[in-house]
Structures are given as C-alpha cells and as structure tokens.
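To start, the structure itself, in structure tokens.
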Amino acid sequence: MKKHIYFENLDGLRFFCFLSLFLFHSFHTEYIYIINNPIYHFVKKNICGNGNIGVNFFFVLSGFLITYLLIEEKKLNGQINLVNFWIRRILRIWPLFYFSVFFGFVIFPWIKMQFGQPSSETANPIYYLTFINNFDFIKKGLPDASILGVLWSVAIEEQFYLIWPIILFIVPIKKLWIPFSIIITISLVFRAFNDTFLNHEHHTLSCIGDMVVGAFGAWLIIISENFKKTIQELSRVKIILIYIIFVFILFFRNELLYSNHYIRIFERILIAIVIILIILEQSFSENSFFKMSSFKKISKLGTITYGLYCLHFIGILIAITITKKLSINTHLWQVFFIDTSLALGLTIIISKISYKYFEAPFLKLKNKFAYITK
C-alpha cells in the first residue's frame with residue numbers, strides 16, 4: 001500500500017518562483033532610448049533585478065521535498081529503494097531536459113539560419129548530455145541558445161539527486177544532521193575561497209547549501225515534535241516578519257548581502273533559511289494569513305513549473321519576434337505590457353501542451369516506481 005503525501009500550498013509557491021525568474025529574463029529591447037529610460041532601469045534592475053532568487057527557492061524546495069519523501073519512505077519500508085528513486089527522477093527530469101538540449105543545439109541554430117543569422121554556439125554539448133553543464137556555464141558564460149542558459153540549475157539538481165539518496169540510505173535518520181552540517185560547512189568554505197559571481201551562483205558546491213537547508217527543514221519537522229509545534233504555532237507577527245525579510249532580500253539583495261566578502265560567504269545560506277521558513281509556514285502553520293492553495297489557478301499553473309522554467313525562453317523569443325515584425329515593441333509601455341504578456345501567455349500554452357502530451361506519459365510511468373504518492 002502506498003502512502004499519500006501532498007503539500008498543496010507548494011504548487012503556488014513554485015509558480016511564483018517561476019514568475020520571478022520569468023520577469024528577471026523579460027523586458028528585452030534593442031532600443032537604446034528605452035534602455036536609458038529611468039523607468040525601464042528601475043523596473044528591470046530594481047524591481048525584477050533579483051528575480052533569480054527564484055532558483056534559490058527551487059533549490060530549497062527540492063531539498064525539502066526530496067528529503068521529506070525519502071525519510072518517509074525509509075520509515076515506511078525500513079530502507080530507501082535507490083534504483084526506484086533514480087528511475088523516478090529520470091522519468092521526471094530527463095525527457096524535457098533532453099528535449100531542451102536538442103532544441104538548443106539543433107533547432108535553435110537551424111531557426112537562426114532561416115533568418116540569415118549564423119550560429120555562434122560556444123556551449124559544449126557533452127557537458128549538457130552528462131548533466132554537468134553548470135560547469136560549462138562557469139567556464140564560458142551564457143550559451144548562444146537562451147534555452148540552454150537556464151539548464152544549469154537542472155544539472156545541479158540532477159547531481160544532487162544522484163548523491164542525496166545514498167546519504168539518506170547510509171545514515172540513520174536521527175543522525176542525518178551530521179552529514180547535513182558537514183555539507184553546509186563545505187559549501188561555506190568553497191564560497192569563502194572562490195569569491196566570484198559565477199562560482200557563487202552556478203557552482204554545485206555553492207548551491208548545494210540551499211538544498212541542504214531545505215533538507216534540514218524536512219528532517220527537523222519529521223524528527224522533532226517541538227520544532228513542528230513551533231512552526232504550527234508561529235504567531236502572525238513572526239509570520240509577517242519572515243515575509244518582510246524575504247521582500248527586503250528580493251529588492252535589496254545586492255545592498256544587503258553582496259557588499260561585504262564575509263557576508264557574501266553566508267549569503268545563500270541566509271536566503272535559504274528565510275525560504276525554508278516560508279515553505280514550512282505555508283505547509284504547517286495554523287496562523288497563516290493565507291495559504292497558496294486558496295489561489296486555485298496559480299496553484300494549477302504551479303504543477304507545470306518544470307515546463308514553464310525549461311521552455312520560457314521559447315515563449316520569450318517568439319513574442320520578441322512577433323512584436324518586432326508588427327513594430328509594437330518601440331515604446332516602453334509596449335515592452336512592459338504587450339511583449340511580456342504575450343511571452344508569458346505563449347510560455348503557459350507551450351508548457352501546458354508539453355505537460356499533457358509529452359511529460360504526462362512519463363509521469364504515469366514514474367508513479368509505478370513510487371512508494372510515496374503526492
């Protein structure tokens with residue numbers, strides 16, 4: 001008999017993670033007079049400039065969910081079935097990931113050629129085929145195909161999924177705090193001695209701390225009744241404080257956390273702690289002002305966020321091409337509203353089609369290898 005676990009409030013959080021990243025990548029324009037407009041600069045840099053925190057959020061979410069489900073599986077069956085776990089991850093991640101890789105290395109250069117533009121791809125396909133493309137990103141920077149540029153985080157998650165269940169398999173549940181603490185320490189030491197933006201943002205040893213903080217949250221909520229009770233009984237003042245801190249980080253990340261070398265070492269961990277508190281508050285708190293599950297349409301979109309994340313640059317590129325052809329991208333308001341709304345709408349349509357006709361068959365097969373269903 002399979003155990004059913006479903007965190008209904010996390011789907012909505014997933015969508016907002018995607019939306020922050022989408023806006024971070026949006027508002028493309030070739031017109032200098034728009035780029036130099038102070039309103040454009042304010043929206044692009046000050047309002048949406050830290051939207052890549054959505055990736056941090058995805059990492060913490062992954063660490064929380066995977067650890068929670070694996071610990072529950074270990075409690076249910078006495079041990080974790082490693083092979084079944086890896087099969088589930090392969091069936092969920094690989095099909096769309098490899099489609100995106102194929103699109104980036106084959107379809108995108110062909111489309112460019114049809115528009116009379118030469119392909120100038122510098123990315124190494126071997127790195128992408130083996131899920132180590134985050135290191136290619138660090139080495140060479142952004143690929144020519146923008147769809148490849150977002151896949152670095154998927155690679156880090158796959159590296160995490162390869163190693164993480166082995167740790168949970170070997171170490172007794174009550175002693176998991178030991179490897180968790182060691183990995184976070186390793187991550188902080190790496191950041192201290194590799195103080196560059198690309199290493200901090202894209203290297204596995206830097207980002208792994210986000211996932212382990214999420215894992216710590218899952219472990220604590222399972223192992224400690226006192227911790228769980230504390231989260232359940234969070235006062236509304238404390239809940240407000242958690243969200244205020246997150247908003248401050250979202251808008252003032254550079255000023256608060258990047259200005260000093262020593263603060264930068266702990267920057268990702270500090271953000272991850274705030275994020276896991278939001279996840280736990282949404283999942284377990286009894287005094288929440290709102291629950292994301294009450295926003296039905298947003299939560300439904302949250303179920304297709306993997307497709308939204310991987311494919312959103314296709315929507316953005318189609319929208320840019322259409323608005324350019326129709327000459328409706330020459331004013332600031334057009335870039336903000338027409339271009340962006342069209343790109344978001346196209347991304348949602350493409351992702352829904354992908355989920356229903358491409359991803360769903362693999363997901364049905366994936367559930368056959370699950371002991372815990374969501």
Side-chain angles (χ1 to χ4, degrees), residues 3 5-14 16-17 53-75 80 85 153 156-157 160-161 163-165 167-169 171-188 206-235 238-247 249-250 266-288 290-293 302 305 372 374:
K3 187 174 181 179
I5 296 175
Y6 179 48
F7 294 100
E8 60 180 357
N9 298 301
L10 299 189
D11 287 334
L13 287 180
R14 282 193 187 94
F16 279 113
C17 291
I53 284 179
V55 173
N56 302 55
F57 218 121
F58 277 131
F59 283 159
V60 179
L61 259 174
S62 292
F64 170 78
L65 282 172
I66 291 300
T67 304
Y68 193 98
L69 293 174
L70 287 177
I71 290 176
E72 287 296 326
E73 180 185 332
K74 192 169 184 177
K75 288 170 63 180
I80 297 165
F85 172 82
S153 65
I156 291 177
E157 293 215 11
F160 174 74
Y161 296 147
I163 297 169
W164 201 244
I167 294 172
L168 270 63
F169 181 92
V171 181
I173 293 174
K174 289 187 177 180
K175 294 185 178 180
L176 282 171
W177 66 271
I178 298 173
F180 291 2
S181 301
I182 291 171
I183 294 170
I184 287 177
T185 301
I186 291 170
S187 180
L188 293 174
S206 174
C207 298
I208 193 73
D210 298 359
M211 298 168 179
V212 181
V213 169
F216 246 126
W219 178 76
L220 283 169
I221 211 78
I222 290 173
I223 203 76
S224 172
E225 282 299 324
N226 287 335
F227 180 78
K228 187 174 183 178
K229 187 177 180 182
T230 299
I231 296 298
Q232 288 174 332
E233 297 177 355
L234 275 176
S235 68
K238 290 178 181 177
I239 291 171
I240 290 172
L241 184 60
I242 291 168
Y243 284 96
I244 287 175
I245 292 171
F246 181 75
V247 169
I249 291 170
L250 186 61
F266 297 93
E267 179 251 354
R268 287 195 80 103
I269 298 296
L270 294 172
I271 293 173
I273 290 171
V274 177
I275 291 171
I276 190 59
L277 288 174
I278 291 173
I279 292 169
L280 294 174
E281 183 272 328
Q282 278 292 303
S283 300
F284 299 99
S285 179
E286 297 170 355
N287 299 315
S288 301
F290 65 94
K291 294 291 189 184
M292 288 305 306
S293 59
T305 45
I372 310 285
K374 293 189 286 183

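Residues I156 and C207 share a closest heavy-atom pair of CD1-SG, 3.8 Å. Among all heavy-atom pairs drawn from F58 and R14, the shortest one is CZ-O, 3.6 Å. Minimum interatomic distance between I223 and K174 (heavy atoms only, all atoms of both residues): CD1-CG, 3.8 Å. Taking both residues in full, the closest heavy atoms of S62 and Y161 are given as OG-OH, 3.5 Å, listed atom of the first, atom of the second, then distance. Considering every non-hydrogen atom in both S187 and S206, the closest pair reads OG-O, 3.2 Å. Across all non-hydrogen atoms, the minimal contact from F16 to M292 is CE1-CE, 3.2 Å.
The CZ atom of F160 sits 5.0 Å away from the OG1 atom of T67 when rounded to the nearest 0.5 Å. Interatomic distance, CD1 of I80 versus CD1 of I167, reported as 10.5 Å (0.5 Å rounding). One finds the CG atom of L61 at 11.0 Å from the CE atom of M211 (value rounded to the nearest 0.5 Å). Residue I208 holds its CD1 atom at 10.0 Å from CD of E157, rounded to the nearest 0.5 Å. Taking CD1 from I271 and CZ from F266, the interatomic distance works out to 14.0 Å, rounded to the nearest 0.5 Å. Atom CG of N56 is separated from atom CG of L270 by 11.5 Å, given to the nearest 0.5 angstrom.
Residues S293 and Q282 form no side-chain contact, since every pair of their non-hydrogen atoms from C-beta on lies 4.5 Å or further apart. Looking at heavy atoms from C-beta onward, F85 lies in side-chain contact with I66 at the 4.5 angstrom threshold. By the 4.5 Å heavy-atom criterion applied to side chains, L168 and E73 are not counted as neighbours. At least one side-chain heavy atom of L176 sits less than 4.5 Å from a side-chain heavy atom of I71. Side-chain contact check for L70 versus F169: every heavy-atom pair is 4.5 Å or farther apart. F246 places none of its side-chain heavy atoms less than 4.5 Å from the side chain of I242. With a 4.5 Å cut-off on side-chain heavy atoms, Y6 and D11 count as touching.
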Would you check, one step at a time, whether the test side-chain contact (heavy atoms from CB on, under 4.5 Å) holds for I239 with S285? CA-CA 9 Å; I239 291 171; S285 179; 3.6 Å; yes

For V171 and I178: C-alpha separation, side-chain torsions, deciding distance, then whether side-chain contact (heavy atoms from CB on, under 4.5 Å) applies. CA-CA 9 Å; V171 181; I178 298 173; 5.9 Å; no

Residues I173, W219; criterion side-chain contact (heavy atoms from CB on, under 4.5 Å); working and verdict: CA-CA 8 Å; I173 293 174; W219 178 76; 4.2 Å; yes

Apply side-chain contact (heavy atoms from CB on, under 4.5 Å) to residues W164 and V212 and explain how you reach the verdict. CA-CA 9 Å; W164 201 244; V212 181; 3.9 Å; yes

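Side-chain atoms of S283 and N9 include no donor-acceptor pair closer than 3.5 Å. Defined by atom type and a distance below 3.5 Å, a donor-acceptor pair is present between the side-chain atoms of E281 and S288.
When each of D210, V213, I273, V60 is paired with R268, the side chain to side chain contact (heavy atoms under 4.5 Å, CB included) condition holds for D210 and for no other.
Note on ring orientation: taking the six-membered ring where Trp is involved, the planes of F216 and F180 are perpendicular (angle over 60°, cut-offs 30° and 60°).
Remark: the backbone N or O of L220 is not paired with any side-chain donor or acceptor of S224 at under 3.5 angstrom. Listed for the T230 side chain is a donor-acceptor partner under 3.5 Å among the backbone atoms of N226.
Side-chain rings of F7 and F64 approach one another, their centers coming within less than 6.0 Å.
Here E72 pairs with K75 in a salt bridge; the nearest charged N to carboxylate O distance falls below 4.0 Å.
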